[in-house]
Asks: 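One structure, as structure tokens, below. Some questions next.
When reading the values below, keep in mind they use all heavy atoms of this one structure, side chains included, and skip hydrogens, waters and symmetry mates.
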Amino acid sequence: MIYEIVDAQKQLIKYRKNEKFVKINNSTLYIKKVNDKFSVVINSFQNKLFLLENKKIKNKFIEVPESLKSIFEFPKKCVKYS
């Protein structure tokens, strides 16, 4: 299960039950274990906060449904500041 935290309320993010899961490098995400079941995942590039099941977090990768891949990935276009 994946929840997005919006206005201090958790909202379940729905995806198809038989959807393929993909691995995403978590080096650009902040991950902190909250309890035995969930971890907080922060994507600061998109200003999003999630609760993700611990079993979906593997070493340097997280497993997410393919349809949700874009909300966890590092943005393709990043502005460089000089």
Asks: Apply side-chain hydrogen bond (donor to acceptor under 3.5 Å, both in side chains) to Ser67 and list each qualifying residue two or more places apart in sequence or on a separate chain.
Replies: Glu19
Asks: Can you sort out the partners of Lys58 under salt bridge (charged side-chain N to carboxylate O under 4.0 Å, His left out), two or more places apart, ordered by chain and number?
Replies: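 Testing Lys58 for salt bridge (charged side-chain N to carboxylate O under 4.0 Å, His left out), a comparison that skips the adjacent residues, returns none.
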Asks: Spell out, yes or no, whether Phe72 and Val40 are grouped together once hydrophobic residues are joined by side-chain heavy atoms under 4.5 Å, including indirect joins.
Replies: no
Asks: Nearest 0.5 Å, please: how far is CG in Asn59 from CG in Asn25?
Replies: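 If we round to the nearest 0.5 Å, Asn25:CG and Asn59:CG are 11.5 Å apart.
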Asks: Identify whether Phe38 and Phe61 are in the same connected component of the hydrophobic contact network (ILVMFWY, side-chain heavy atoms under 4.5 Å).
Replies: no
Asks: With sequence neighbours left out, what residues match Ser44 under side-chain hydrogen bond (donor to acceptor under 3.5 Å, both in side chains)?
Replies: none
Asks: Please write out which residues are connected to Val6 in a hydrophobic cluster, directly or through intermediates, given that two of Ile, Leu, Val, Met, Phe, Trp, Tyr count as joined at side-chain heavy-atom separations below 4.5 angstrom.
Replies: none
Asks: What pairs with Ile31 under side-chain contact (heavy atoms from CB on, under 4.5 Å), at least two apart in sequence or on another chain?
Replies: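 Ile31 satisfies side-chain contact (heavy atoms from CB on, under 4.5 Å) with Asn26, Leu29, Ser39, Val41, Ile57, Ile62 only.
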Asks: Applying a strict under-4.5 Å side-chain criterion to I, L, V, M, F, W and Y, I'd like to know whether Ile24 and Ile42 cluster together.
Replies: no
Asks: Please list, chain by chain and in numerical order, all residues satisfying side-chain contact (heavy atoms from CB on, under 4.5 Å) with Asp7, sequence neighbours excluded.
Replies: none
Asks: Which residues pass the ring pair (Phe, Tyr, Trp, His ring centres under 6.0 Å) test with Tyr15, sequence neighbours left out?
Replies: Phe21
Asks: For residues 36-48, which residue pairs pass the salt bridge (Lys or Arg N to Asp or Glu O under 4.0 Å) check, not counting sequence neighbours?
Replies: Glu4-Lys48
Asks: Please identify each residue that fulfils side-chain contact (heavy atoms from CB on, under 4.5 Å) with Ile71, with sequence neighbours left out.
Replies: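 For Ile71, the residues satisfying side-chain contact (heavy atoms from CB on, under 4.5 Å) (neighbours in sequence not counted) are Ile13, Gln46, Phe50, Leu68.
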Asks: Once you round to the nearest 0.5 Å, how far does CG of Leu51 lie from OH of Tyr3?
Replies: 8.5 Å
Asks: Determine yes or no for a side-chain-to-main-chain donor-acceptor pair under 3.5 angstrom, with Asn43 supplying the side chain and Thr28 the backbone.
Replies: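 Here the side-chain-to-backbone pair does not exist.
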Asks: Would you mind listing every salt bridge (Lys or Arg N to Asp or Glu O under 4.0 Å) that reaches into residues 20-31, with sequence neighbours excluded?
Replies: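 Residue pairs passing salt bridge (Lys or Arg N to Asp or Glu O under 4.0 Å), neighbours aside: none found.
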Asks: Of all residues at least two apart in sequence or in a different chain, which pass the salt bridge (charged side-chain N to carboxylate O under 4.0 Å, His left out) check with Lys33?
Replies: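 Lys33 satisfies salt bridge (charged side-chain N to carboxylate O under 4.0 Å, His left out) with no residue once adjacent residues are dropped.
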Asks: Glu63: which residues meet the salt bridge (charged side-chain N to carboxylate O under 4.0 Å, His left out) condition with it, sequence neighbours left out?
Replies: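 With neighbours one apart ignored, the set is empty.
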